[in-house]
Amino acid sequence: MPELPEVETTRRGIAPHALGQRVTQVIVRNPRLRQPVSPQLATALAGQTIHAIDRRGKYLLLRSSAGTVIIHLGMSGNLRLLPANIPAEKHDHVDMVLASGQCLRLRDPRRFGTVVWTEDDPLQHALLRNLGPEPLDNNFTEAHLYQSSRGRTLSVKQFIMDSHIVTGVGNIYASESLFLAGIHPGCSAGRIALKRYGRLTTAIKQVLSAAIAQGGTTLRDFYNGEGRPGYFQQQLNVYGRASEPCHSCQRPIAQLRQGQRSTFYCMGCQT
DNA sequence: CAACGGACCTGCCTGC
DNA sequence: TGCAGGCAGGTCCGTT
C-alpha cells in the first residue's frame with residue numbers, strides 16, 4: 001500500500017497526538033508479520049514516552065529514551081490513532097495505548113509489514129543501514145543515479161524502485177515520475193545519460209512532494225493517521241490508466257509487466 | 001556482483 | 001451461487 005508519501009502522511013497525522021505521550025500498554029494480538037514482532041516490544045515500550053516520530057524511506061521510527069519502534073506498513077498496512085476503547089477488528093495486530101486514552105493501532109491484512117524494537121541506533125539497524133538517499137534530500141542528485149547505474153542492465157523503472165539506490169519510490173510513483181521525465185520505463189538504467197537523470201531526479205522530487213501535499217494516494221485502503229484518505233489519485237497521469245487517453249498527447253496509456261509488477265506509461269510521451 | 005523468480009499473506013474482482 | 005484465477009501500494013532470499 002504505502003510509498004513514501006503515504007508513510008509521511010501517516011507520520012504527520014499521528015505526530016501531533018502521539019508526541020510527548022507515554023505508552024501505557026502494548027497489545028500484540030498477532031505477532032506473525034513478515035518478520036515476527038519483537039517479543040520484547042510490549043515490555044520494553046510500556047512506560048516509555050514517545051519523544052520523536054521520524055521517517056526513513058518507508059519506515060516510521062517511534063523514538064523513546066529506552067529504544068525505538070521501527071515500523072514498516074508493507075503492502076496493506078496502516079497506522080491510525082483512535083480511542084483505545086474502540087474494539088479491534090480482524091486485522092488489527094498491534095495497539096500502542098497512550099496515556100491520553102487514544103491508541104496507535106496497526107492494521108495490516110496481508111501481514112507484509114514489520115514492527116521491531118531496537119535499543120541501538122535505528123539508522124544502523126539491518127533494515128535501514130543499507131538504504132539509499134532520501135529522494136527529497138539534497139544528497140539525492142542526478143549524479144548519484146547516473147553513477148550508481150553505470151554497468152547496470154536492468155530497466156530504469158526497476159532501478160529507481162530499488163530502495164538501496166533511492167528509498168521510498170514504489171510502484172505508483174515510479175511510473176508517475178518516469179512519465180513526468182519523459183523516459184520509457186523499459187530503458188536500461190546503465191544507458192541513460194546524465195542529463196536525462198537530471199530530469200528524472202527533478203520529476204521524482206516533484207511527484208513525491210505533490211503527493212505529500214495531497215495527503216498521499218488512496219486507491220483502496222490507505223488512510224492517514226487520523227483515518228482520512230489521500231487525494232493524489234486524482235492527479236495520476238499514468239498509474240492505473242491503461243488504455244485511457246494520455247493527459248498530454250491523448251494516445252492510450254500502455255501497460256506492461258516488469259519484475260512481476262504492473263507498469264504504466266505513454267508510448268507517445270516517453271522514449 | 002547482478003538479474004531473476006519465488007516467497008511471504010489476505011481480499012477483492014472477474015469470468016466461467 | 002460457487003469456485004478458480006489473477007491482481008494488489010513491498011521486500012527479502014535463493015539460484016543462476
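Chain naming here is simple, since letters A, B, ... match the order of the sequence lines and numbering starts at 1 in each.
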**Student:** I need the CD1-P distance between A:Ile172 and C:dG9, as an integer number of Å.
**Tutor:**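 After rounding, the reported distance stands at 7 Å.
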**Student:** Which value, in whole Å, describes the distance between the P atoms of nucleotides B:dA7 and C:dG5?
**Tutor:**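 Those two atoms are separated by 16 Å.
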**Student:** Please answer whether the main-chain N or O of A:Val97 pairs with a side-chain N or O of A:Asp95 as donor and acceptor at a distance below 3.5 Å.
**Tutor:**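 No: the side chain of A:Asp95 does not pair with the backbone of A:Val97.
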**Student:** Please check this pair: side chain of A:Gln214 against backbone of A:Gly230, looking for a donor-acceptor N/O pair closer than 3.5 Å.
**Tutor:** no
**Student:** For A:Asn78 and C:dG10, give me the distance from atom CG to atom C1', rounded to whole Å.
**Tutor:** 15 Å
**Student:** Within the structure shown, what part of the strands sits under 4.0 Å from A:Thr114 by heavy-atom distance: base, sugar-phosphate, or nothing?
**Tutor:** nothing
**Student:** Enumerate all atom pairs, one protein N or O and one N or O from nucleotides 7-11 of chain B, separated by less than 3.5 Å.
**Tutor:**
{"unit_1": "B:dC8", "atom_1": "O2", "unit_2": "A:Arg34", "atom_2": "NE", "d": "3.1"}
{"unit_1": "B:dC9", "atom_1": "O3'", "unit_2": "A:Arg111", "atom_2": "NH2", "d": "2.9"}
{"unit_1": "B:dC9", "atom_1": "O2", "unit_2": "A:Arg110", "atom_2": "NE", "d": "2.9"}
{"unit_1": "B:dC9", "atom_1": "N3", "unit_2": "A:Arg110", "atom_2": "NH2", "d": "3.4"}
{"unit_1": "B:dT10", "atom_1": "OP1", "unit_2": "A:Arg111", "atom_2": "NH2", "d": "2.9"}
{"unit_1": "B:dT10", "atom_1": "O4'", "unit_2": "A:Pro109", "atom_2": "O", "d": "3.4"}
{"unit_1": "B:dT10", "atom_1": "O3'", "unit_2": "A:His91", "atom_2": "NE2", "d": "3.3"}
{"unit_1": "B:dG11", "atom_1": "OP1", "unit_2": "A:Lys90", "atom_2": "NZ", "d": "3.2"}
{"unit_1": "B:dG11", "atom_1": "OP1", "unit_2": "A:His91", "atom_2": "NE2", "d": "2.6"}

**Student:** Count the heavy atoms belonging to other residues, nucleotides or ligands that lie under 6.0 Å from CZ of A:Arg32, then report whether that count exceeds 12.
**Tutor:**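 Counting neighbours around CZ of A:Arg32, 12 or fewer heavy atoms of other residues, nucleotides or ligands fall under 6.0 Å, so no.
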**Student:** Heavy atoms under 4.0 Å, any strand shown: does A:Leu154 hit a base, just sugar-phosphate, or nothing?
**Tutor:**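 Sugar-phosphate contact only.
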**Student:** Quick one: pull up CD1 in A:Ile27 and CG in A:Leu41 and give me the separation to the nearest 0.5 Å.
**Tutor:** 11.5 Å
**Student:** Where the side chain of A:Tyr239 is concerned, which of B:dC4, C:dG9, C:dT11 is the nearest nucleotide?
**Tutor:** C:dG9
**Student:** Dot-bracket for DNA chain C, 5' to 3', counting Watson-Crick or G-U wobble pairs under 3.5 Å, with [ ] for crossing pairs and | for inter-strand pairs?
**Tutor:** .|||||||.|||||||
**Student:** Hey, can you pull the residues of residues 203-216 of chain A with a non-hydrogen atom under 4.0 angstrom from DNA chain C?
**Tutor:** none
**Student:** Within less than 4.0 Å of OP1 or OP2 of C:dG9, is there a side-chain N or O belonging to A:Arg261?
**Tutor:** yes
**Student:** Once you round it to whole Å, what is the distance between P of C:dA8 and CD of A:Glu3?
**Tutor:**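 Rounding to the nearest Å, CD of A:Glu3 and P of C:dA8 are 13 Å apart.
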**Student:** Within the structure, does a side-chain N or O atom of A:Arg152 lie under 4.0 Å from either OP1 or OP2 of B:dA3?
**Tutor:** yes
**Student:** Measure CD/A:Gln258 against P/C:dG9 and give the value in whole Å, please.
**Tutor:** 13 Å
**Student:** Nearest whole angstrom, please: distance from the C1' of B:dA2 to the CD1 of A:Ile165.
**Tutor:** 11 Å
**Student:** Taking A:Glu142 for its side chain and A:Lys195 for its backbone only, find out whether a donor-acceptor pair lies under 3.5 Å.
**Tutor:** no
**Student:** Are A:Asn237 and A:His247 linked by a side-chain donor-acceptor pair shorter than 3.5 Å?
**Tutor:**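 The criterion, which ignores hydrogens and geometry beyond distance, is satisfied for A:His247 and A:Asn237.
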**Student:** Please state whether the phosphate of B:dA3, meaning OP1 or OP2, lies under 4.0 angstrom from any side-chain nitrogen or oxygen of A:Thr153.
**Tutor:**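 It does, given that an N or O in the side chain of A:Thr153 lies less than 4.0 Å from OP1 or OP2 of B:dA3.
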**Student:** Between A:Ser262 and A:Ser163, name the one whose nearest nucleotide on DNA chain C is closer to the 5' end.
**Tutor:**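 Mapping each residue to its closest nucleotide by heavy atoms, the 5'-most match is A:Ser262.
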**Student:** Side chains of A:Arg257 and A:Thr263 only: does a donor on one sit below 3.5 Å from an acceptor on the other?
**Tutor:**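 No, A:Thr263 and A:Arg257 have no side-chain donor paired with an acceptor closer than 3.5 Å.
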**Student:** Does a side chain donor of either A:Tyr59 or A:Thr167 reach within less than 3.5 Å of an acceptor in the other side chain?
**Tutor:**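 Note: A:Tyr59 and A:Thr167 side chains miss the donor-acceptor criterion.
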**Student:** Quickly work out the A:His164 NE2 to C:dT11 P distance and round it to whole Å.
**Tutor:**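 It is 9 Å, rounded to the nearest whole Å.
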**Student:** Just how far, in rounded Å, is C1' of C:dC12 from CG of A:Leu127?
**Tutor:**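 Rounded to the whole Å, the gap is 10 Å.
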**Student:** Starting from P on C:dT11, measure out to CG on A:Leu73 and report it in whole angstrom.
**Tutor:**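 Taking CG of A:Leu73 and P of C:dT11, I get 10 Å after rounding.
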**Student:** Could you tell me whether the side chains of A:Gln147 and A:Tyr197 share a donor-acceptor contact shorter than 3.5 Å?
**Tutor:** no
**Student:** Between A:Phe264 and A:Tyr239, what is the ring plane arrangement, given parallel below 30°, perpendicular above 60°, and tilted in between?
**Tutor:**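 Ring orientation of A:Phe264 relative to A:Tyr239: perpendicular.
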**Student:** Students often get this wrong, so: under 4.0 angstrom with heavy atoms, is A:Arg257 touching a base, only sugar-phosphate, or nothing?
**Tutor:**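 The answer is sugar-phosphate, as A:Arg257 gets under 4.0 Å only of primed atoms, P, OP1 or OP2.
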**Student:** Check A:Arg56 with A:Glu134, please: is the shortest side-chain N to carboxylate O separation under 4.0 Å?
**Tutor:** yes
**Student:** Quick check on A:Asp121: does its CG atom have over 12 non-hydrogen neighbours (other residues, nucleotides or ligands) under 6.0 Å away?
**Tutor:**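 Atom CG in A:Asp121 is crowded, with more than 12 foreign heavy atoms closer than 6.0 Å.
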**Student:** Does atom CZ of A:Arg29 have more than 12 heavy-atom neighbours from other groups under 6.0 Å away?
**Tutor:** yes
**Student:** For nucleotides C:dG14 and B:dC9, find the distance between their P atoms and express it as a whole number of Å.
**Tutor:** 16 Å
